[in-house]
Amino acid sequence: MNRLDLTGVPCPMNWVRTRLALEELAAGDSLEVVLDDGEPLESVPQSAREDGHDVRVDGRVVTIAKAAA
Amino acid sequence: MTLSDSELERYSRQLVLPEWSGAAQERLRSASVVLVGVGALGSPAGQYLAAAGVGRIGVVDDDTVELSNLNRQPLHFTPDISLPKADNAKVKLAALNSEILVEAYPARLDGQNAEAIVMGADVVVDCSDSFATRYAVNDACCAAAIPLVEAGVLGLSGLVLSILPGRSACYRCAFPAAPPPGSVPSCREAGVLGAMAGIVGSIQALEAIKLLTGVGDPLLDRILQIEGDTLSFTTVTTERQDDCPACAQVPAAQQSGA
(Lines give C-alpha, C1' and ligand atoms only; values in the text may rest on other atoms or scores of the structure.)
Protein backbone atom coordinates (compact mmCIF):
# COMPACT_ATOMS: atom_id res chain seq x y z
CA MET A 1 0.00 0.00 0.00
CA ASN A 2 1.33 3.42 -0.96
CA ARG A 3 1.29 5.81 1.98
CA LEU A 4 1.80 9.56 2.13
CA ASP A 5 2.13 11.33 5.49
CA LEU A 6 0.77 14.82 4.91
CA THR A 7 0.73 15.81 8.57
CA GLY A 8 1.53 19.52 8.76
CA VAL A 9 1.01 20.03 5.00
CA PRO A 10 -1.72 22.66 4.50
CA CYS A 11 -4.33 23.01 1.75
CA PRO A 12 -3.97 22.98 -1.16
CA MET A 13 -0.45 21.50 -1.10
CA ASN A 14 -1.75 18.31 0.55
CA TRP A 15 -4.16 17.82 -2.37
CA VAL A 16 -1.42 18.68 -4.92
CA ARG A 17 0.79 15.94 -3.43
CA THR A 18 -2.11 13.49 -3.24
CA ARG A 19 -3.08 14.09 -6.88
CA LEU A 20 0.48 13.64 -8.13
CA ALA A 21 0.86 10.44 -6.11
CA LEU A 22 -2.42 9.12 -7.55
CA GLU A 23 -1.19 9.95 -11.05
CA GLU A 24 1.61 7.40 -10.56
CA LEU A 25 -0.80 4.58 -9.65
CA ALA A 26 -2.74 2.21 -11.86
CA ALA A 27 -6.55 2.30 -11.77
CA GLY A 28 -7.83 0.31 -8.79
CA ASP A 29 -4.62 0.75 -6.76
CA SER A 30 -4.96 2.45 -3.41
CA LEU A 31 -3.16 5.32 -1.73
CA GLU A 32 -3.25 5.99 1.99
CA VAL A 33 -2.83 9.61 3.07
CA VAL A 34 -2.54 10.91 6.62
CA LEU A 35 -4.09 14.37 6.98
CA ASP A 36 -4.47 17.00 9.69
CA ASP A 37 -7.83 17.60 11.33
CA GLY A 38 -9.86 20.55 10.11
CA GLU A 39 -9.66 21.87 6.56
CA PRO A 40 -7.35 19.11 5.23
CA LEU A 41 -9.66 16.29 6.38
CA GLU A 42 -12.68 18.21 5.10
CA SER A 43 -11.22 19.16 1.71
CA VAL A 44 -8.93 16.40 0.45
CA PRO A 45 -11.46 13.51 0.65
CA GLN A 46 -14.05 15.73 -1.05
CA SER A 47 -11.63 16.71 -3.84
CA ALA A 48 -10.70 13.05 -4.33
CA ARG A 49 -14.38 12.10 -4.62
CA GLU A 50 -14.96 14.94 -7.11
CA ASP A 51 -12.17 13.45 -9.26
CA GLY A 52 -14.15 10.18 -9.22
CA HIS A 53 -12.00 8.15 -6.81
CA ASP A 54 -13.36 5.83 -4.14
CA VAL A 55 -12.60 7.32 -0.72
CA ARG A 56 -12.66 5.85 2.79
CA VAL A 57 -11.91 7.92 5.90
CA ASP A 58 -10.74 6.32 9.14
CA GLY A 59 -9.73 8.96 11.67
CA ARG A 60 -6.88 10.91 10.07
CA VAL A 61 -6.13 8.14 7.59
CA VAL A 62 -7.81 8.48 4.21
CA THR A 63 -7.69 5.57 1.75
CA ILE A 64 -8.20 6.51 -1.88
CA ALA A 65 -8.75 3.86 -4.55
CA LYS A 66 -7.85 5.28 -7.93
CA ALA A 67 -10.67 5.45 -10.45
CA ALA A 68 -10.29 4.31 -14.04
CA ALA A 69 -9.23 7.24 -16.23
CA MET B 1 11.99 14.04 -13.91
CA THR B 2 9.74 14.81 -11.00
CA LEU B 3 8.68 18.30 -9.97
CA SER B 4 10.63 19.92 -7.14
CA ASP B 5 9.01 21.17 -3.93
CA SER B 6 9.26 24.76 -5.11
CA GLU B 7 7.72 23.86 -8.46
CA LEU B 8 4.85 22.07 -6.69
CA GLU B 9 4.18 25.19 -4.65
CA ARG B 10 4.65 27.65 -7.53
CA TYR B 11 2.27 25.72 -9.78
CA SER B 12 -0.07 24.45 -7.06
CA ARG B 13 -3.10 26.43 -8.24
CA GLN B 14 -2.92 24.87 -11.69
CA LEU B 15 -1.88 21.42 -10.45
CA VAL B 16 -5.22 21.17 -8.63
CA LEU B 17 -7.22 21.86 -11.80
CA PRO B 18 -9.21 18.75 -12.72
CA GLU B 19 -8.04 19.14 -16.35
CA TRP B 20 -4.38 19.47 -15.30
CA SER B 21 -1.85 16.91 -14.09
CA GLY B 22 1.75 16.49 -13.07
CA ALA B 23 2.35 15.08 -16.55
CA ALA B 24 0.91 18.25 -18.15
CA GLN B 25 3.18 20.37 -15.94
CA GLU B 26 6.22 18.30 -16.94
CA ARG B 27 5.30 18.71 -20.61
CA LEU B 28 5.29 22.48 -20.11
CA ARG B 29 8.63 22.34 -18.33
CA SER B 30 10.26 20.43 -21.16
CA ALA B 31 8.72 22.70 -23.81
CA SER B 32 10.34 25.45 -25.82
CA VAL B 33 8.31 28.42 -27.02
CA VAL B 34 9.42 31.21 -29.34
CA LEU B 35 7.64 34.52 -28.77
CA VAL B 36 7.85 36.76 -31.83
CA GLY B 37 7.55 40.27 -30.43
CA VAL B 38 7.35 41.34 -26.80
CA GLY B 39 5.11 44.35 -27.16
CA ALA B 40 1.37 44.68 -26.61
CA LEU B 41 0.56 40.99 -27.21
CA GLY B 42 3.91 39.49 -26.28
CA SER B 43 4.03 41.10 -22.85
CA PRO B 44 0.95 39.37 -21.43
CA ALA B 45 1.54 36.21 -23.49
CA GLY B 46 5.12 35.99 -22.21
CA GLN B 47 4.13 36.69 -18.62
CA TYR B 48 1.52 33.92 -18.54
CA LEU B 49 3.73 31.41 -20.36
CA ALA B 50 6.61 32.09 -17.99
CA ALA B 51 4.34 32.03 -14.96
CA ALA B 52 2.75 28.75 -16.05
CA GLY B 53 6.18 27.10 -16.26
CA VAL B 54 7.13 26.84 -19.94
CA GLY B 55 10.70 25.64 -19.53
CA ARG B 56 12.35 27.61 -22.28
CA ILE B 57 11.15 30.87 -23.83
CA GLY B 58 12.94 32.67 -26.65
CA VAL B 59 11.94 36.31 -27.08
CA VAL B 60 12.52 37.91 -30.47
CA ASP B 61 12.28 41.70 -30.79
CA ASP B 62 14.57 44.33 -32.26
CA ASP B 63 12.82 47.38 -30.78
CA THR B 64 13.77 49.47 -27.79
CA VAL B 65 11.30 50.49 -25.10
CA GLU B 66 9.65 53.87 -25.77
CA LEU B 67 7.43 56.00 -23.58
CA SER B 68 4.56 55.54 -26.04
CA ASN B 69 4.75 51.73 -25.56
CA LEU B 70 3.86 51.81 -21.91
CA ASN B 71 0.06 52.13 -22.25
CA ARG B 72 -0.15 48.57 -23.57
CA GLN B 73 3.10 46.63 -22.95
CA PRO B 74 3.07 45.62 -19.28
CA LEU B 75 6.46 43.87 -19.32
CA HIS B 76 8.12 47.25 -19.83
CA PHE B 77 8.28 49.88 -17.09
CA THR B 78 9.08 53.59 -17.11
CA PRO B 79 12.70 53.09 -15.95
CA ASP B 80 13.16 50.62 -18.85
CA ILE B 81 12.78 53.31 -21.56
CA SER B 82 15.50 52.97 -24.22
CA LEU B 83 16.43 49.40 -23.20
CA PRO B 84 16.22 46.71 -25.88
CA LYS B 85 12.81 45.05 -25.49
CA ALA B 86 14.15 41.51 -25.88
CA ASP B 87 16.75 42.01 -23.13
CA ASN B 88 14.26 43.71 -20.85
CA ALA B 89 11.66 40.99 -21.41
CA LYS B 90 14.28 38.37 -20.58
CA VAL B 91 15.11 40.10 -17.29
CA LYS B 92 11.45 40.52 -16.34
CA LEU B 93 10.37 36.98 -17.28
CA ALA B 94 13.38 35.42 -15.53
CA ALA B 95 12.52 37.44 -12.42
CA LEU B 96 8.92 36.25 -12.60
CA ASN B 97 9.95 32.59 -12.79
CA SER B 98 13.45 31.55 -11.76
CA GLU B 99 12.71 27.91 -12.69
CA ILE B 100 12.75 28.61 -16.43
CA LEU B 101 15.27 29.64 -19.09
CA VAL B 102 14.63 32.81 -21.10
CA GLU B 103 16.74 33.73 -24.12
CA ALA B 104 16.75 37.12 -25.85
CA TYR B 105 17.13 37.50 -29.62
CA PRO B 106 17.37 41.21 -30.47
CA ALA B 107 16.53 40.63 -34.14
CA ARG B 108 13.75 41.52 -36.56
CA LEU B 109 12.17 38.35 -37.90
CA ASP B 110 11.82 38.34 -41.69
CA GLY B 111 11.57 35.89 -44.54
CA GLN B 112 15.33 35.32 -44.46
CA ASN B 113 15.87 34.45 -40.81
CA ALA B 114 12.42 33.14 -39.83
CA GLU B 115 13.17 29.44 -40.22
CA ALA B 116 16.38 29.67 -38.21
CA ILE B 117 14.58 31.55 -35.41
CA VAL B 118 11.63 29.16 -35.04
CA MET B 119 13.79 26.02 -35.41
CA GLY B 120 13.45 23.71 -32.41
CA ALA B 121 10.40 25.43 -30.94
CA ASP B 122 7.48 23.26 -29.81
CA VAL B 123 5.08 26.19 -30.29
CA VAL B 124 5.56 29.65 -31.79
CA VAL B 125 3.45 32.53 -30.50
CA ASP B 126 3.23 35.33 -33.05
CA CYS B 127 2.90 38.66 -31.27
CA SER B 128 4.23 40.71 -34.15
CA ASP B 129 2.69 43.91 -35.45
CA SER B 130 2.83 43.65 -39.24
CA PHE B 131 1.33 41.49 -41.95
CA ALA B 132 4.75 40.89 -43.50
CA THR B 133 6.10 39.43 -40.24
CA ARG B 134 2.95 37.33 -39.72
CA TYR B 135 3.26 35.74 -43.14
CA ALA B 136 6.98 35.10 -42.57
CA VAL B 137 6.26 33.44 -39.20
CA ASN B 138 3.40 31.42 -40.68
CA ASP B 139 5.46 30.21 -43.63
CA ALA B 140 8.43 29.24 -41.46
CA CYS B 141 6.20 27.34 -39.00
CA CYS B 142 4.43 25.56 -41.85
CA ALA B 143 7.74 24.56 -43.44
CA ALA B 144 9.01 23.17 -40.11
CA ALA B 145 5.61 21.76 -39.00
CA ILE B 146 5.65 23.79 -35.79
CA PRO B 147 2.32 24.61 -34.10
CA LEU B 148 1.62 28.35 -34.14
CA VAL B 149 -0.69 30.79 -32.37
CA GLU B 150 -1.49 33.79 -34.57
CA ALA B 151 -3.20 36.95 -33.35
CA GLY B 152 -3.72 40.57 -34.09
CA VAL B 153 -5.17 43.53 -32.23
CA LEU B 154 -6.19 46.93 -33.53
CA GLY B 155 -8.17 49.55 -31.70
CA LEU B 156 -10.79 47.65 -29.67
CA SER B 157 -10.81 44.58 -31.94
CA GLY B 158 -8.75 41.43 -31.91
CA LEU B 159 -8.52 38.00 -33.44
CA VAL B 160 -6.80 34.72 -32.60
CA LEU B 161 -6.20 31.55 -34.65
CA SER B 162 -4.20 28.48 -33.63
CA ILE B 163 -2.52 26.48 -36.35
CA LEU B 164 -1.30 22.88 -36.59
CA PRO B 165 0.44 23.00 -39.97
CA GLY B 166 -0.71 20.24 -42.30
CA ARG B 167 -3.74 19.56 -40.09
CA SER B 168 -5.61 22.84 -39.71
CA ALA B 169 -5.90 26.07 -41.68
CA CYS B 170 -2.76 28.18 -41.59
CA TYR B 171 -2.73 31.98 -41.56
CA ARG B 172 -2.41 32.05 -45.36
CA CYS B 173 -5.36 29.65 -45.76
CA ALA B 174 -7.50 31.98 -43.66
CA PHE B 175 -6.05 35.24 -45.02
CA PRO B 176 -4.50 34.49 -48.44
CA ALA B 177 -3.23 38.04 -48.98
CA ALA B 178 -2.43 41.05 -46.86
CA PRO B 179 -4.84 43.94 -47.26
CA PRO B 180 -3.55 46.57 -49.70
CA PRO B 181 -1.17 49.04 -48.10
CA GLY B 182 -3.10 51.94 -46.62
CA SER B 183 -6.44 50.07 -46.37
CA VAL B 184 -5.81 49.00 -42.78
CA PRO B 185 -4.41 51.65 -40.47
CA SER B 186 -1.24 50.66 -38.69
CA CYS B 187 -1.18 50.30 -34.95
CA ARG B 188 0.49 53.69 -34.81
CA GLU B 189 -2.43 55.38 -36.58
CA ALA B 190 -5.34 53.31 -35.26
CA GLY B 191 -4.22 53.05 -31.66
CA VAL B 192 -4.46 50.14 -29.27
CA LEU B 193 -5.96 50.06 -25.81
CA GLY B 194 -3.68 48.08 -23.52
CA ALA B 195 -6.45 46.14 -21.81
CA MET B 196 -7.68 44.90 -25.20
CA ALA B 197 -4.20 43.70 -26.17
CA GLY B 198 -4.03 42.07 -22.74
CA ILE B 199 -7.13 40.00 -23.49
CA VAL B 200 -5.78 38.86 -26.85
CA GLY B 201 -2.25 38.15 -25.58
CA SER B 202 -3.65 36.19 -22.64
CA ILE B 203 -5.73 34.08 -25.03
CA GLN B 204 -2.57 33.41 -27.04
CA ALA B 205 -0.84 32.13 -23.89
CA LEU B 206 -3.83 29.91 -23.12
CA GLU B 207 -3.81 28.52 -26.66
CA ALA B 208 -0.06 27.83 -26.51
CA ILE B 209 -0.49 26.03 -23.19
CA LYS B 210 -3.31 23.94 -24.67
CA LEU B 211 -1.18 23.03 -27.70
CA LEU B 212 1.78 22.12 -25.47
CA THR B 213 -0.11 20.01 -22.95
CA GLY B 214 -2.98 18.52 -24.95
CA VAL B 215 -5.39 20.00 -22.40
CA GLY B 216 -8.57 21.42 -23.94
CA ASP B 217 -9.47 22.20 -27.56
CA PRO B 218 -7.36 24.84 -29.30
CA LEU B 219 -8.79 27.30 -31.86
CA LEU B 220 -8.03 25.07 -34.87
CA ASP B 221 -9.95 25.98 -38.02
CA ARG B 222 -11.76 28.58 -35.90
CA ILE B 223 -10.93 32.28 -35.91
CA LEU B 224 -11.88 33.93 -32.65
CA GLN B 225 -12.98 37.52 -33.20
CA ILE B 226 -13.28 39.80 -30.21
CA GLU B 227 -14.97 43.20 -30.19
CA GLY B 228 -13.90 45.03 -27.08
CA ASP B 229 -16.52 47.78 -27.24
CA THR B 230 -19.40 45.35 -26.76
CA LEU B 231 -17.24 42.47 -25.47
CA SER B 232 -18.64 40.11 -28.06
CA PHE B 233 -16.67 36.94 -28.78
CA THR B 234 -17.52 35.17 -32.04
CA THR B 235 -15.81 32.32 -33.85
CA VAL B 236 -15.77 32.01 -37.62
CA THR B 237 -14.80 28.67 -39.12
CA THR B 238 -12.05 28.44 -41.68
CA GLU B 239 -10.42 25.52 -43.47
CA ARG B 240 -7.24 24.41 -45.22
CA GLN B 241 -6.84 25.46 -48.84
CA ASP B 242 -5.62 22.73 -51.19
CA ASP B 243 -3.50 25.22 -53.10
CA CYS B 244 -2.08 27.08 -50.08
CA PRO B 245 1.52 27.97 -50.95
CA ALA B 246 2.52 27.73 -47.28
CA CYS B 247 0.93 24.54 -45.96
CA ALA B 248 -0.51 22.43 -48.79
CA GLN B 249 2.62 20.28 -49.07
CA VAL B 250 3.73 20.01 -45.46
CA PRO B 251 3.51 16.89 -43.28
CA ALA B 252 1.04 17.16 -40.44
CA ALA B 253 2.36 18.72 -37.23
CA GLN B 254 1.97 16.66 -34.10
CA GLN B 255 0.29 18.23 -31.10
CA SER B 256 2.36 17.55 -28.00
CA GLY B 257 0.62 15.68 -25.25
CA ALA B 258 -2.42 14.90 -27.36
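Order of the sequence lines sets the chain letters (A, B, ...), proteins ahead of strands, with each chain counted from 1. Small disclaimer: the values here were computed from a predicted structure and weren't measured.
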Largest heavy-atom contact set with chain B, pairs under 4.5 Å, which of A:T18, A:L20, A:D51: A:L20

Residue A:R49 excluded, over 12 heavy atoms near CZ under 6.0 Å: yes

Close contacts, residues 7-24 of chain B versus chain A, judged by heavy atoms under 4.5 Å: B:L8, B:E9, B:S12, B:R13, B:L15, B:V16, B:L17, B:P18, B:W20, B:S21, B:G22, B:A23

A:E50 atom CD, neighbour heavy-atom count above 12 within 6.0 Å: yes

Gap separating the CD atom of B:E26 from the CD atom of A:E23, nearest 0.5 angstrom: 8.0 Å

Within 6.0 Å of CZ in B:R56, more than 12 heavy atoms from elsewhere: no

